[in-house]
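Here is the structure we will look at.
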Amino acid sequence: MAVETKTYGLFINGEWQDADSGKTFAVKNPATGEILARVADGGVAETRRAIEVAHRAFPAWSRTTADKRAVLLARAAQLMTQRTDELARVLTQENGKPLPESRGEVASAASFFQWNAEEARRIYGEVVPTAFDDRRVLTIKQPLGVVAAITPWNFPLSMVTRKLGPALAAGCTAVLRPARATPLVAALTFEILQEAGFPAGVVNLITGTDSAGIGTELATNPLVRKLTFTGSTEVGKQLLAQAAGTVKRVSLELGGHAPFLVFDDADLDKAAQAAVLSRFRNAGQTCICTNRVLVQRSVADVFTAKVAQLAGGLKLGNGLHAGTQVGPLIDERGFAKVQEHVADARSKGAAVLTGGKPATLSDGLNGYFYEPTVLGNATTAMKVTYEETFGPVLPVMTFDTEDQAIAMANDTPYGLAAYFYARDVGRIFRVSERLDYGIVGANDPVPVGAHIPFGGYKESGLGRENGSEGINHFLEVKAISIGL
Ligand code: NAD
């Protein structure tokens, strides 16, 4: 059935259900303003019920064999891959990103299920050398319990599988609350989990408009043993404070302000292409997007001209249309922030090298389109150089020495991703080690994948997702000491 004609329910205890109130809310296409589908408007009572269901399902699920969990997750990965065309289309419609980016997101989302299917079989304990000859000590790893997961709209599919994958692989049960703007691919993921054969109650979906109410229930309910959140630093801090009352385990993937350093020995063509890819994919609405370029003065003019030319040539439009490279911003709030940041930078002396205004709309478009923008003469007084813009705006600043570049790059409360382009191998090691960031792309604008630990230093978050350590955040370590 076409997504446009459907109403999606909550998924609790293996059943699709209406909200208690019977209410639904509309999901809109940010490129056209059209209503795509309606979704059940669940609230606090339904969230509490889903948590209780997940709690009841936990003992049996936590005792399933690693093999069984691996088989189910691998099946879910396969079903997701089979539905790539449909998922990518819905993702583009609800989020706005161009179709090739959505297809890439489906592939990475499926890979997170697959990776964790494999990780399920490698939850090893240890035999610990003993301090007492009349005892033996070993450790085992056990699932935490009910996991609450809250995900954002900018990667509405892959953030869901990046959380549910390791939770299910570890033997936890889960309640997911996807972002209000983008619940459709999350609902399709639950169809996939149901078809894959996960038992009733193991995974539950709560959609709804009451973000604060649902979030508070998930963060404070004592039956929830772990909260995993991806979203803004502001909301992450609130949830962390709320979770303290029941000492929940908390993982946070929050905002960033990624610097992109270009040194005088860099391949400037590759660096310019990488900076444009890193800033303008998903219309700049990616937590690891480049937020500011820092370029060495001797190559600044040449590099900046290349970046402005590439950015100015990007094709804006409906993500479903062939050739579109940049889609709309998600909503009015995001659009207003971009306008405010550009106005602020201009008033403080920035030079608009390309873009700098909302795009002229045509071709049935009725969304929040902003021209890809490059700003020269940027200074640290401008908001765009220290606040997350979350839009298609790239400020360029200059530096003279490596030390100065590092100091400028690290001068932020954020520490998620940083990039640099250089060819000197000594410099590649020095700079990689000195950047206070959880993810460093050295001559690599997309340093992500199921095999790579993902997470931030400082106020960009707590914990890591993906990589071999990802699953550990869903497990407790138990020490067992045996008297002989
Ligand atoms: P957001 O914090 O507004 O929302 C994230 C999620 O939290 C959504 O599901 C939202 O509905 C919910 N939420 C909103 N208010 C809440 C509240 N008071 N209590 C509980 N839940 C609440 O963020 P967003 O605008 O959806 O996403 C953009 C932000 O997410 C950016 O800051 C971006 O950098 C960050 N992000 C980080 C990562 C990462 O892995 N570090 C990945 C993607 C996005």
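Please read all numbers here as calculations on a predicted model, not as lab measurements. Position 1 is the first residue of the sequence; numbering continues from there. Order of appearance sets the numbers: ligands from 1, and atoms from 1 within every ligand.
- Remark: among candidates M159, E465, R162, E217, the nearest residue to atom 40 (O) of ligand 1 is R162, based on non-hydrogen atoms.
- Close contacts between ligand 1 and A212 involve ligand atoms 17 (C), 18 (N), 19 (N) [criterion: under 4.0 Å to a heavy atom].
- Heavy atoms only, all atoms of each residue included: A110 and M80 are closest at N-SD, 3.7 Å.
- With F260 as the partner, the ring pair (Phe, Tyr, Trp, His ring centres under 6.0 Å) test is satisfied by one option alone out of Y437, F420, Y421: Y421.
- There is no protein heavy atom closer than 4.0 angstrom to atom 4 (O) of ligand 1.
- Close N/O approach between R177 and ligand 1 is found [any backbone or side-chain N/O within under 3.5 Å].
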W61 vs F198, test: ring pair (Phe, Tyr, Trp, His ring centres under 6.0 Å). Steps then yes/no. CA-CA 9 Å; W61 177 247; F198 284 88; 5.7 Å; yes
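- Nearest protein heavy-atom neighbour of atom 13 (N) of ligand 1: S211 CB, 3.8 Å.
- Applying the 4.0 Å criterion to heavy atoms of A179 picks out, from ligand 1, the atoms 8 (C), 9 (O).
- Side-chain atoms of Y414 never come within 3.5 Å of backbone atoms of Y457 as a donor-acceptor pair (strictly under, hydrogens ignored).
- Taking only nitrogen or oxygen atoms, main chain and side chain alike, G231 reaches within less than 3.5 Å of ligand 1.
- Relative to the ring axis of F155, K97 places its NZ or CZ within 45° and under 6.0 Å from the centre.
- Under a 4.0 Å criterion applied to the non-hydrogen atoms of I150, ligand 1 contributes the atoms 6 (C), 7 (O), 9 (O), 12 (C).
- Near F390, the atoms of ligand 1 lying under 4.0 angstrom from a non-hydrogen atom of the residue are 28 (C), 31 (C), 33 (C), 34 (O).
- Against a heavy-atom cut-off of under 4.0 Å, F229 is close to the following atoms of ligand 1: 2 (O), 5 (C), 6 (C), 7 (O).
- Heavy atoms of other residues, nucleotides or ligands lying less than 6.0 angstrom from NZ of K458 number more than 12.
- Here the side chain of D41 pairs no donor or acceptor atom with the backbone of F25 at under 3.5 angstrom.
- Ion pair R162/E465 flagged as a salt bridge, since at least one NZ, NE, NH1 or NH2 atom sits closer than 4.0 Å to an Asp/Glu carboxylate oxygen.
- The single protein non-hydrogen atom nearest to atom 18 (N) of ligand 1 is Q238 OE1, 3.4 Å, given as residue, atom name and distance.
- Using a 4.0 Å cut-off to heavy atoms of T230, the atoms of ligand 1 that qualify are 5 (C), 36 (N), 37 (C), 38 (C), 39 (C), 40 (O), 42 (C), 43 (C), 44 (C).
- In the candidate list V235, N466, N154, N154 is nearest to atom 44 (C) of ligand 1, counting heavy atoms.
- Between S278 and T290, the closest heavy-atom pair is OG-OG1, 2.6 Å.
- Annotation: atom 25 (O) of ligand 1 to nearest protein heavy atom, W153 NE1, 2.9 Å.
- When all heavy atoms of T354 and A311 are compared, the closest pair comes out as CG2-CB, 4.1 Å.
- Side chain of R83 to backbone of A88: no donor-acceptor contact under 3.5 angstrom is found.
- Ligand-side atoms of ligand 1 in range of L416: 41 (N), range being under 4.0 angstrom from any heavy atom.
- Counting only heavy atoms of the protein, atom 41 (N) of ligand 1 lies nearest to L254 O, 2.9 Å.
- The protein heavy-atom contact nearest to atom 9 (O) of ligand 1 is T151 O, 2.7 Å.
- The two atoms that bring L254 and E459 nearest to each other are CD1-O, 3.7 Å, heavy atoms only.
- When hydrogens are left out, the protein atom nearest atom 36 (N) of ligand 1 is C287 CB, 3.4 Å; that is the closest non-hydrogen contact.
- Near G215, meaning under 4.0 Å from any of its heavy atoms, are these atoms of ligand 1: 20 (C).
- Between the side chains of T209 and K23, no donor N or O sits under 3.5 Å from an acceptor N or O.
- The nearest protein atom to atom 34 (O) of ligand 1, hydrogens excluded, is given as E388 OE2, 2.5 Å; this is a heavy-atom distance.
- Ranking protein heavy atoms by distance to atom 2 (O) of ligand 1, first place goes to S232 OG, 2.6 Å.
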